[in-house]
Amino acid sequence: MYYCGKYPIISKTTLAKGIYSFTVEAHEPAEEAHAGQFAMISAPGFQLRRPISICGIDKEHGTLRFVFEVRGKGTKAIASLGEGDSLDIMAPLGNGFRIPEGKRIAVVGGGIGVPPLLGVSSVSGELCTAILGFRDYSRIILTDEFKRNGCETIICTDDGSVGREGMVTFPLAELLEKGETSAVLACGPEPMLKAIVKMCEVYKVPCQVSLEQRMGCGVGACVTCSCLTVRNGKEFYSRVCKDGPVFDSDVLGGDFHG
Ligand SMILES: Cc1cc2nc3c(=O)[nH]c(=O)nc-3n(C[C@H](O)[C@H](O)[C@H](O)COP(=O)(O)OP(=O)(O)OC[C@H]3O[C@@H](n4cnc5c(N)ncnc54)[C@H](O)[C@@H]3O)c2cc1C
């Protein structure tokens, strides 16, 4: 069940250049929401809404948090809103992450793929290792919040300006080698996700990935966001908005597998 309405923005902060955090008071959507689901957010002056993941859910205070980067005209228009304005959203949409209870997990995020994983870390706490990759120090977001949730937090940067230099897959391989991780949950650029899926296959660890696709409606009607999936050996198209955005990696088709 999702809601469609205008909800007051109660907090707006800038996390890095062009990356904003909005918190809206939205009691009913917050009550329904799970980590990994998303909202379709109306951009003032544009007909099509933009999909943005739910980064934080506070059921007690009835709030949802969104963290997004200005990529083009739509996100720029959303970023022009401020505290006291309303955010016109449809939420919560799609299938979020299934978080294994009482088991050690790893969340692996790249860049603006990090926000939906923060909600997972708030559920799993100390059972969660967060491996978070960014281009350089100036793009780092939310890492302190993962630490506050109790996660072991490993930061990687492409240029080594903070944390480990290089890709998130290096620390992930070391972690999986220990054999204590029961699942990997990932969100980020597609090449990163493909590398993670292949690595999890090698270590035989279940993996869930959140996919990003351009989408029109967000509720499964327009089929703009189709992606190739496989079940019982048969290929068919799924909708990222309705069947995802989070998929078990073994149902993904195309070149996701080794
Ligand atoms: C399920 C889902 C969850 C998402 N969650 C977040 C989030 O939490 N934070 C965040 O910053 N972004 C998120 N995105 C990406 C975000 O929707 C796009 O950046 C946004 O729609 C771009 O709109 P625009 O009008 O600003 O850009 P446009 O002018 O339409 O495009 C600008 C650039 O963004 C790229 N782009 C457009 N749409 C998408 C898309 N759907 N996915 C990836 N790249 C796109 C284009 O290729 C282009 O390079 C998510 C996307 C999906 C599908």
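For ligands, and for the atoms within them, numbers begin at 1 and follow the listed sequence.
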Nearest neighbour in protein (non-hydrogen) for [atom]:
atom                    : value
atom 16 (C) of ligand 1 : Pro51 O, 3.4 Å
atom 42 (N) of ligand 1 : Glu212 OE1, 3.1 Å
atom 8 (O) of ligand 1  : Ser53 N, 3.1 Å
atom 23 (O) of ligand 1 : Arg50 NE, 3.4 Å
atom 26 (O) of ligand 1 : Thr75 OG1, 2.4 Å
atom 10 (C) of ligand 1 : Ile112 CG1, 3.4 Å

Inset, instruction - Kindly state if atom 30 (O) of ligand 1 has a protein heavy atom within a strict 4.0 Å cut-off, that is, under 4.0 Å? - result: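 When distances to the protein are checked, atom 30 (O) of ligand 1 has a heavy atom within 4.0 Å.
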Legend entry - Option nearest atom 28 (P) of ligand 1 (shortest heavy-atom distance, choices Gln37, Arg71, Arg214): Arg214
Inset, instruction - Over 60° means perpendicular and under 30° means parallel, so classify the ring planes of Tyr20 and Phe68, tilted if in between. - result: tilted
Inset, instruction - Can you sort out which atoms of ligand 1 are near Ile52, meaning under 4.0 Å from one of its heavy atoms? - result: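 So the atoms of ligand 1 that pass are 4 (C), 5 (N), 6 (C), 7 (C), 8 (O), 10 (C), 12 (N), 13 (C).
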Legend entry - Met215 neighbourhood, listing ligand 1 atoms whose heavy-atom distance to it stays under 4.0 Å: 53 (C)
Legend entry - Check: Val67 N/O within less than 3.5 Å of ligand 1 N/O: yes
Legend entry - Those residues that, when tested against Phe66, pass ring pair (Phe, Tyr, Trp, His ring centres under 6.0 Å) (two or more places apart): none
Inset, instruction - Find out whether Ser21 and Arg65 are in side-chain contact, i.e. whether some heavy atom of one side chain is under 4.5 Å from a heavy atom of the other. - result: yes
Inset, instruction - Using the ring of Phe256 (Phe, Tyr or Trp, six-membered ring only), decide whether Lys194 places NZ or CZ under 6.0 Å from its centre and within 45 degrees of its axis. - result: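 Yes; both conditions hold, so Lys194 lies above the ring face of Phe256.
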